[in-house]
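Have a look at the structure below, then the notes.
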Amino acid sequence: MALTNSPALYGSVTKTFHWLTALLIFTAFPLGMIANDFPMATSDEVAQKAWLFSLHKTVGVTLFFVAVLRILWATTQPKPGLLNADNPAEATAAEAVHWLLYFSLVLVPLSGWLHHSTAAFSAPILWPFSAILPELPKSELFSHITSGWHGVFTKLLLASLILHIAGALKHAFIDRDSTLKRMLPGKMSTPTLPQQRHSKTPLVIAVALYGVAMGVGTFLGLQTPAAAQTNLADVQSDWTVESGTVAVTVQQLGSAVTGSFADWTADIAFDPTLEGDKKGHVEVTVAIASFTLGSVTDQAMGSDFFDATTFPTAVYAADIFATGDTYEARGTLTLKGTTLPLTLPFTLSIEDDVATMAGAASLARLDYSIGAAMPDESSLGFDVDLKVDLVAFK
């Protein structure tokens, strides 16, 4: 059996690429479905789910590189002619499906890889190299869009596969020609080809379908469910917050993952000229449902974690003390129905009645019954780093 293609037959290299690609596709598909549906109520289940996603992604990235090599090889080879070229409608459909498959073999794993690279947290790819595509920001918006692409592209790949397999079976059992036999191992006699007709129509169809798929995927990515809203009461504060962030960083499966709260208020009474160490008071109220943590945001809202439905807000109330060149907020944090002491050291600069503050502290998640079903650090670290930055004016 020849290594290279001829005008009527596929060579062994092309056949190897074909069946290796099929093996990778039919491995990646069930892994992705199982990983999506796998529960994550305990630390063992989270670790197992992450391992399944890691395996799925590793197979997907392997498929991407195999597909690229397959396409490069195909550009050096003659393409065996269609045995049904004398049926223009059927031949056009067959070639359109082939183009869809070629696009899918690249775009499905690539869109998944883009999602992996832009998500705040993502199960690792199982290889020793960097798994993050360069020059891509950790963007929740782009992560949602690439996830939408991956979902729609996957369905287009599945539809193309079904049509491809149905066509091959039709050739084998209804037409009884050599179309399927040409891709099987072993030698065979050279079939007689009808006159071939070459058209750009199949490529145009495939490009148009993928253009629509990208648009649909983008739309779906932008339609992420809105978090439940908690209406925070307006505060009458001596200092008005102009901008700021309340962020937390946790260790998830050994990687640092950062999320933030988008909705919070701060009632600040502060005067650095007061005598004594005590300079004021602050009360910060945070809407728990405004928290985002990439692909695990929904899990974070669940009853075993923040339980945002039962405990919609967290409150930090503290007195402010000067400690040399820096300051400390000494008070309590009420989170998930538990109130515990928390001291937040911070730096502060004031210029023309505009204050810039930056502080950080650490707390233990289990003290607040967060992730109680994960009593070890294999899936989720015990310590949570809190970082607060704000700019306020008087």
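Scope of the values below: all heavy atoms of this structure, side chains included, with no hydrogens, waters or symmetry mates.
- Applying ring pair (Phe, Tyr, Trp, His ring centres under 6.0 Å) to Y210 and the options F153, W149, W99 leaves one that passes, F153.
- By the 4.5 Å heavy-atom criterion applied to side chains, V108 and L63 are not counted as neighbours.
- Looking at F53 and H116, their side chains never come closer than 4.5 Å, going by heavy atoms from C-beta outward.
- Inter-residue side-chain proximity for L9 and P80 is flagged as unmet; no heavy-atom pair is nearer than 4.5 Å.
- Scored by the salt bridge (Lys or Arg N to Asp or Glu O under 4.0 Å) test, D367 finds no partners at all (sequence neighbours excluded).
- In this structure, the side chains of T245 and S260 stay at 4.5 Å or more apart for every pair of heavy atoms.
- Within the 4.5 Å cutoff, the side chain of F305 has no heavy atoms near those of the L293 side chain.
- Remark: the backbone N or O of G11 is not paired with any side-chain donor or acceptor of T4 at under 3.5 angstrom.
- For the pair T310 (side chain) and D307 (backbone), a donor-acceptor distance under 3.5 Å is absent.
- Distance alone, capped at 3.5 Å, places no donor-acceptor pair between the W264 side chain and the A314 backbone.
- Counting heavy atoms from C-beta on, the side chains of L386 and V246 come closer than 4.5 Å.
- Every residue two or more places apart in sequence or in another chain was checked for a side-chain hydrogen bond (donor to acceptor under 3.5 Å, both in side chains) with Y102, and none qualifies.
- Within the structure, side chain to side chain donor-acceptor pair (under 3.5 Å) contacts touching residues 178-196 (residues at least two apart or in different chains) are H171-T179, D177-T179.
- With hydrogens and angles ignored, the 3.5 Å screen pairs no side-chain donor or acceptor of E242 with any backbone N or O of V391.
- Among pairs with a residue in residues 196-206, none fulfils salt bridge (charged side-chain N to carboxylate O under 4.0 Å, His left out), at least two apart in sequence or across chains.
- At distances below 3.5 Å, not a single donor-acceptor pair connects side-chain atoms of K279 with backbone N or O atoms of A322.
- Remark: H56 pairs with no residue by the side-chain hydrogen bond (donor to acceptor under 3.5 Å, both in side chains) rule, at least two apart or across chains.
- Counting all heavy atoms, side chain and backbone alike, G359 lies closest to L344 at C-CD1, 4.0 Å.
- Between N87 atom CG and T92 atom OG1 the span is 9.0 Å, to the nearest 0.5 Å.
- W73 contributes atom CH2, which lies 8.0 Å from atom CZ of F17 (distance to the nearest 0.5 angstrom).
- Sorted by first and then second residue, the salt bridge (charged side-chain N to carboxylate O under 4.0 Å, His left out) pairs with a member in residues 60-87 read K79-E95; sequence neighbours excluded.
- Linking ILVMFWY residues whenever their side-chain heavy atoms come closer than 4.5 Å, directly or via other members, leaves I320 and L274 in distinct clusters.
- For residues 345-364, there are no side chain to side chain donor-acceptor pair (under 3.5 Å) pairs, not counting sequence neighbours.
- Here the shortest heavy-atom pairing between A96 and A206 reads O-CB, 4.1 Å.
- Residue Y10 holds its OH atom at 10.5 Å from NZ of K15, rounded to the nearest 0.5 Å.
- Under the rule for a ring pair (Phe, Tyr, Trp, His ring centres under 6.0 Å), the partners of H164 that lie at least two apart in sequence or sit in another chain are H98.
- The list of salt bridge (charged side-chain N to carboxylate O under 4.0 Å, His left out) pairs with a residue in residues 315-326, not counting sequence neighbours, reads K278-D319.
- Shortest non-hydrogen contact noted between V257 and Q252 is CG2-CB, 3.9 Å.
- In this structure a side-chain-to-backbone donor-acceptor pair under 3.5 Å is present from N5 to P78.
- Screening residues 332-341 for side chain to side chain donor-acceptor pair (under 3.5 Å) gives T334-T339 as the qualifying pairs, with residues at least two apart or on separate chains.
- Using a 4.5 Å heavy-atom threshold, the side chains of D383 and Q251 count as separate.
- Put simply, the side chain of S54 gets close to the backbone of P124: a donor and an acceptor are under 3.5 Å apart.
- Under the rule for a salt bridge (Lys or Arg N to Asp or Glu O under 4.0 Å), the partners of E90 that lie at least two apart in sequence or sit in another chain are K170.
- The two atoms that bring S104 and P109 nearest to each other are O-CD, 3.5 Å, heavy atoms only.
- Taking CE of M301 as the start and OG1 of T297 as the end, the distance is 7.0 Å to the nearest 0.5 Å.
- Evaluation of the salt bridge (Lys or Arg N to Asp or Glu O under 4.0 Å) rule for R330 yields E328 as partners, not counting sequence neighbours.
- Considering every non-hydrogen atom in both A85 and A91, the closest pair reads CA-CB, 4.2 Å.
- Between L107 and L157, the closest side-chain pair of non-hydrogen atoms is not below 4.5 Å.
- Side-chain contact of T146 with S111: a donor-acceptor pair under 3.5 Å is absent, judged by distance alone.
- Aromatic ring pairs are classed by plane angle as parallel below 30°, tilted from 30° to 60° and perpendicular above 60°; the pair W127 and F65 is tilted.
- Considering CG of L24 and OG1 of T58, their distance stands at 11.5 Å, rounded to 0.5 Å.
- Atom CG of L158 sits about 4.5 Å away from atom CZ of F29, to the nearest 0.5 Å.
- When all heavy atoms are compared, the tightest approach of I288 to F311 is CG1-O, 3.6 Å.
- A donor-acceptor pair under 3.5 Å is formed between the side chain of W239 and the backbone N or O of F270.
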